[in-house]
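Note that these values count all heavy atoms, side chains included, but never hydrogens, waters or copies made by symmetry.
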Amino acid sequence: MENILEIFLLTLGASFVQRTTGFGFGIFIMTMLPFLMPSYGEATTLSGLLALTTSAMISFRMRRYITWKRLLPILLTFIITSSAAICLLTRIHDQMLRKVLGIILMFTALYFAFFSRRIKLKTTLPYQIGAGTISGIMGGFFGMQGPPAVLYFISSEPDKNHYMAMAQTYFLIGNAMMTIVRASNGFLTATVGRNYLFCLTAVIAGTLLGSWAFRHIPGKVFPYIVYSYIFISGMIILITT
């Protein structure tokens, strides 16, 4: 149980961020978790399990806002793409990919922040497949599938409650499928299981605190908080890579 306190605090912060902005669990926790776990694959597996638990709590409470017809195409694309990426992860690990990821996140956040009023992504198959593919690649390699899906949902859903419900259900099912694939590749170990059980309290506490913050964020301000966090996430990835 070495490093368990650090992992507990990371989980608390990641759950708060996930509940407040609708994403970011993986981005927040994966800045440090790979240094605290025996392997990178085990770190992404633990991150996915904890994020899955956070999303399950949120999506259950907001289930009345879910529209499955709009969710399934992007979700199925994500599952296929992320599964392929996880299998490749046993052979590929390139630091340069993380630097590129950081730059892309920063550029995308700035673009949406300045031009968000002109951007309205449609709930059509090409947009859903595109967002699901990019999200799957980022999720499989880095455990950070959030930004592409978040940008899609926040631009296509009518309000922050629909956005939150759709995004969390997407992350719940997506993380569940990725956990199965990671387990089949040997990344679901006893160390992952012990850390997961110990950090469940942090998931609950962080989610409850984030729920309070979410209720107090005005709808018009909410998208810009999300864009800001995506930009900061890109900076963090660049600095820590």
Side-chain angles (χ1 to χ4, degrees), residues 1-18 23-57 78-102 105 135-149 168 170-207 233 236-241:
M1 299 293 281
E2 190 177 355
N3 301 319
I4 191 62
L5 179 59
E6 292 93 333
I7 296 173
F8 183 92
L9 293 175
L10 280 172
T11 302
L12 180 67
S15 298
F16 174 80
V17 168
Q18 180 83 9
F23 81 111
F25 191 103
I27 295 173
F28 186 97
I29 202 169
M30 286 297 288
T31 55
M32 290 297 296
L33 194 59
F35 304 105
L36 302 174
M37 294 292 290
S39 70
Y40 186 84
E42 287 171 287
T44 59
T45 304
L46 178 58
S47 171
L49 277 171
L50 292 168
L52 180 159
T53 307
T54 303
S55 295
M57 293 174 61
F78 167 78
I79 290 171
I80 294 169
T81 310
S82 62
S83 297
I86 291 168
C87 292
L88 286 174
L89 184 62
T90 59
R91 304 178 184 89
I92 300 172
H93 180 48
D94 191 347
Q95 266 196 331
M96 184 56 65
L97 288 176
R98 286 178 61 85
K99 291 185 180 294
V100 172
L101 172 64
L105 289 179
S135 179
I137 292 171
M138 290 176 59
F141 280 133
F142 310 112
M144 300 178 186
Q145 65 268 30
Q168 296 315 302
Y170 172 85
F171 294 140
L172 168 60
I173 299 173
N175 274 314
M177 296 305 298
M178 284 198 297
T179 297
I180 294 171
V181 177
R182 285 170 179 146
S184 68
N185 281 273
F187 296 132
L188 184 56
T189 63
T191 300
V192 171
R194 286 194 298 269
N195 280 284
Y196 170 75
L197 291 174
F198 191 86
C199 290
L200 283 177
T201 306
V203 168
I204 295 170
T207 302
S233 300
I236 291 171
I237 291 170
L238 282 176
I239 293 169
T240 57
T241 300

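Using a 4.5 Å heavy-atom threshold, the side chains of Thr207 and Ile204 count as separate.
Shortest non-hydrogen contact noted between Thr179 and Gly48 is OG1-C, 4.4 Å. For Gln18 against Phe25, the heavy-atom pair with the smallest separation is OE1-N, 3.0 Å. The shortest non-hydrogen separation linking Ala51 to Asn175 is CB-ND2, 3.7 Å. In this structure, Ser47 and Gly26 approach most closely via the heavy-atom pair OG-CA, 3.7 Å. Annotation for Val203 and Ser15: closest pair CA-OG, 3.3 Å, computed over non-hydrogen atoms. Residues Ala149 and Phe171 come closest through the heavy atom pair CB-CE2, 4.4 Å.
Using a distance-only test at 3.5 Å, with no hydrogens or angles considered, a donor-acceptor pair links the side chain of Ser83 to the main chain of Ile79. Looking at Asn3, its side chain does come within 3.5 Å of a backbone N or O of Leu36 through a donor-acceptor pair.
Scored by the side-chain hydrogen bond (donor to acceptor under 3.5 Å, both in side chains) test, Ser184 finds no partners at all (sequence neighbours excluded). Partners of Phe78 by ring pair (Phe, Tyr, Trp, His ring centres under 6.0 Å), not counting sequence neighbours, listed by chain and number: Tyr170. For Ser39, the side-chain hydrogen bond (donor to acceptor under 3.5 Å, both in side chains) test picks out Glu42, with sequence neighbours left out.
Annotation: the span from Leu200 atom CG to Asn195 atom CG amounts to 11.0 Å, rounded to 0.5 Å. Note that the CG atom of Leu52 and the CD atom of Gln168 stand 11.0 Å from one another [nearest 0.5 Å]. The structure places CZ of Phe16 at 15.0 Å from OG1 of Thr11, a figure rounded to the nearest 0.5 Å. Here the straight-line distance linking atom SG of Cys199 with atom CG of Leu12 works out to 10.0 Å at 0.5 Å rounding. In this structure, Phe8 CZ and Leu10 CG are separated by 11.5 Å, a value rounded to the nearest 0.5 Å. In this structure, CD1 in Ile7 is found 10.0 Å from CZ in Phe198, a value given to the nearest 0.5 Å.
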